[in-house]
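Each residue takes its place number in the sequence, starting with 1.
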Amino acid sequence: MEGGSNQDATWSIRLRRYGPGDESVSEDGKKRSTKQARYGKNVRSPLTDERNAIFAMKDMVELFHGRVNLSKPECKIYLFDGLKSATDDGSTKCLARAIAKGPKVSIYAPKTRICVTTTPLCPIAAFTLSNVAQLRPHFTVLDPFAGSCASLLAAAHIATNSARPTKSQGGTVSIEVAHNGLVNRDDILRDFETRSLDPPLDVIHGDCMMYETRKRARQAIGNNSFDCIITDPPYGIREAMISGDDDGSSLAPLTQLFYVMGRDRAMNEPLLKVGGRLVAFIPVRKGETLEECLPELQAREEAGLVIEGEGREQVLNDILSRWLVSFVCVS
């Protein structure tokens with residue numbers, strides 16, 4: 001509309017008519033219902049009615065500066081008509097139109113998967129990671145703590161790479177340090193194949209803190225940086241890992257990742273594109289605050305990451321919550 005980013009977009013108006021017929025009183029005093037013509041998805045609305053609707057909405061239509069395009073408009077305006085209550089109880093009905101829908105997440109539930117770890121990520125959480133990261137088709141996606149690749153199953157459903165002409169135009173890459181006895185890479189690939197999803201471009205057995213591992217991840221997408229990074233880092237055993245700084249300091253895995261991303265950035269080999277998002281779950285124990293558990297400020301600054309918006313908490317048990325936090329890569 002006028003003043004907006006789509007003010008010059010092409011547009012059209014379509015009508016949708018629902019509900020029972022109109023009730024009228026005939027000359028003999030009896031009430032009769034006239035059957036109301038319906039039109040919607042499969043029946044084109046009459047041009048006369050569409051013209052009348054445009055004139056009735058003249059003040060709004062004048063705000064559209066673009067051309068009318070009836071075949072493939074960039075903006076579609078739908079008018080709903082004829083929704084009336086079929087009962088006499090005075091109840092009010094509200095017609096809602098679905099503007100988006102997602103996959104049936106139950107097909108990604110742990111019990112349906114071939115490769116399942118001891119702490120699998122539930123499908124709703126996996127899709128939430130992708131949605132917060134604002135994934136788009138043909139995005140390149142990395143999970144540096146991939147486990148059984150629950151997050152990348154969700155990402156593959158959104159960022160399909162089946163039509164990509166080159167590796168740099170979409171796909172997922174996983175990194176997982178656990179050996180095949182704990183995380184079977186062949187089973188991971190079968191989980192993608194049995195759901196008709198494009199498998200990861202690379203399923204890397206390695207530690208994301210190691211430069212060679214991250215280099216291999218970038219090579220999988222043509223030596224480029226990733227559009228986004230989504231991950232559910234480990235909360236327990238690796239929380240006590242020793243960082244790669246040789247100073248004996250114990251850092252959480254996500255903090256370690258930020259530091260090594262900073263090193264890559266300093267070498268002009270960034271793991272994440274400018275404007276890209278890193279979305280992760282951050283564990284917070286009882287008595288702690290999210291601010292205390294975030295990667296330290298120095299790590300964020302070196303990685304070029306700033307927090308976007310506010311985190312969202314999910315309580316896991318009496319002593320542990322996890323917060324979903326989004327970071328944006330800045331220049």
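Between the side chain of N184 and the main chain of D187, a donor-acceptor pair closer than 3.5 Å is present. The main-chain N or O of A109 is never found under 3.5 Å from a side-chain atom of R113 such that the two would form a donor-acceptor pair. A side-chain donor-acceptor contact under 3.5 Å links E176 to the backbone of A178. A side-chain donor-acceptor contact under 3.5 Å links H205 to the backbone of V177. A distance-only check finds no donor-acceptor pair linking the side chain of R322 to the backbone of E313 [under 3.5 Å]. With T112 contributing its side chain and I107 its backbone, the two residues share a donor-acceptor pair below 3.5 Å. A side-chain donor-acceptor contact under 3.5 Å links T213 to the backbone of D207. When atom types are taken as modelled, the side chain of E288 and the backbone of R285 share a donor-acceptor pair closer than 3.5 angstrom. A donor-acceptor pair under 3.5 Å links the side-chain atoms of D191 to the main chain of C115, judged by distance alone.
Across all their heavy atoms, A217 and I175 have their closest contact at CB-CD1, 4.1 Å. Taking each heavy atom of C149 and S174 in turn, the nearest pair found is SG-CB, 3.5 Å. A pairwise comparison of heavy atoms in A280 and P233 identifies CB-CD, 4.3 Å as the closest pair. Across all their heavy atoms, C208 and V260 have their closest contact at O-CG2, 4.2 Å. Heavy-atom minimum distance, P110 versus V116: O-CG2, 3.2 Å. Residue S12 comes nearest to N69 through the heavy atom pair CB-O, 3.5 Å, listed as atom of the first residue, atom of the second, then distance.
Grouping the Ile, Leu, Val, Met, Phe, Trp and Tyr side chains by contacts below 4.5 angstrom, directly or via other members, places I158 with F192. When hydrophobic clusters are built by joining Ile, Leu, Val, Met, Phe, Trp and Tyr residues whose side-chain heavy atoms come closer than 4.5 Å, directly or via intermediates, L121 is grouped together with L316. Both I13 and L70 belong to a single network of hydrophobic side chains, linked directly or stepwise wherever heavy atoms of I, L, V, M, F, W or Y lie under 4.5 Å apart. Under the 4.5 Å side-chain contact rule for hydrophobic residues, V203 and I114 do not share a cluster. Cluster membership for W323 and F258, using ILVMFWY side-chain heavy atoms within less than 4.5 angstrom, is shared.
Side-chain polar atoms of T231 and D143 form a donor-acceptor pair below 3.5 angstrom. For R218 and N224, the side-chain atoms include no donor-acceptor pair closer than 3.5 Å. Judged by distance alone, the side chains of T140 and D227 do bring a donor and an acceptor atom under 3.5 Å apart.
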Show, in sequence, the C-alpha distance, side-chain angles and deciding distance for F226 and L271, and conclude whether the side chain to side chain contact (heavy atoms under 4.5 Å, CB included) test is met. CA-CA 6 Å; F226 285 88; L271 194 62; 4.2 Å; yes
Give the intermediate values and the outcome of side chain to side chain contact (heavy atoms under 4.5 Å, CB included) for residues T118 and L182. CA-CA 9 Å; T118 54; L182 296 176; over 6 Å; no
Would I229 and V279 count as a side chain to side chain contact (heavy atoms under 4.5 Å, CB included) if you check the C-alpha gap in whole Å, the side-chain angles of each, and the deciding distance to 0.1 Å? CA-CA 6 Å; I229 298 173; V279 181; over 6 Å; no
Go through Y259 and M209 one step at a time and tell me if the side chain to side chain contact (heavy atoms under 4.5 Å, CB included) criterion holds. CA-CA 9 Å; Y259 273 120; M209 308 306 168; over 6 Å; no
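In this structure, CD in E301 is found 10.0 Å from CZ in R265, a value given to the nearest 0.5 Å. Once rounded to the nearest 0.5 Å, the distance linking CZ of F281 with CZ of R312 reads 12.5 Å. How far OG of S321 is from NZ of K286: 10.5 Å, rounded to the nearest 0.5 Å. The CG atom of L152 sits 11.0 Å away from the CG atom of L197 when rounded to the nearest 0.5 Å. Here W11 contributes atom CH2 and E74 contributes atom CD; the two are 13.5 Å apart, rounded to the nearest 0.5 Å. The CE atom of M261 sits 9.0 Å away from atom CG of L254, with the distance rounded to the nearest 0.5 Å.
Under a cut-off of 6.0 angstrom, the local environment of CD1 in I319 is sparse, with at most 12 non-hydrogen atoms contributed by other residues, nucleotides or ligands. For I124, the CD1 atom is loosely surrounded, since the number of other residues' heavy atoms within 6.0 Å does not exceed 12. The environment of D318 atom CG is sparse: at most 12 non-hydrogen atoms of other residues, nucleotides or ligands sit within 6.0 angstrom.
Residues R277 and F327 have side chains not in contact (no heavy-atom distance under 4.5 Å, counting atoms from C-beta outward). Between V68 and T10 the shortest side-chain heavy-atom distance does not fall below 4.5 Å. You'll find the side chain of K58 reaches within 4.5 Å of the side chain of E62, heavy atoms only. Counting only heavy atoms from C-beta outward, the side chains of F64 and I77 approach each other to under 4.5 Å. Residues L189 and P200 meet the side-chain proximity criterion, which asks for heavy atoms closer than 4.5 Å. With a 4.5 Å cut-off on side-chain heavy atoms, T172 and L201 do not count as touching. At least one side-chain heavy atom of E269 sits less than 4.5 Å from a side-chain heavy atom of Y211.
Under the 6.0 Å cut-off for aromatic ring centres, F127 and Y108 qualify, their centroids lying closer than that.
Between P295 and the options I282, L305, L278, L257, a side-chain contact (heavy atoms from CB on, under 4.5 Å) holds for only I282.
Scored by the salt bridge (Lys or Arg N to Asp or Glu O under 4.0 Å) test, E292 finds no partners at all (sequence neighbours excluded).
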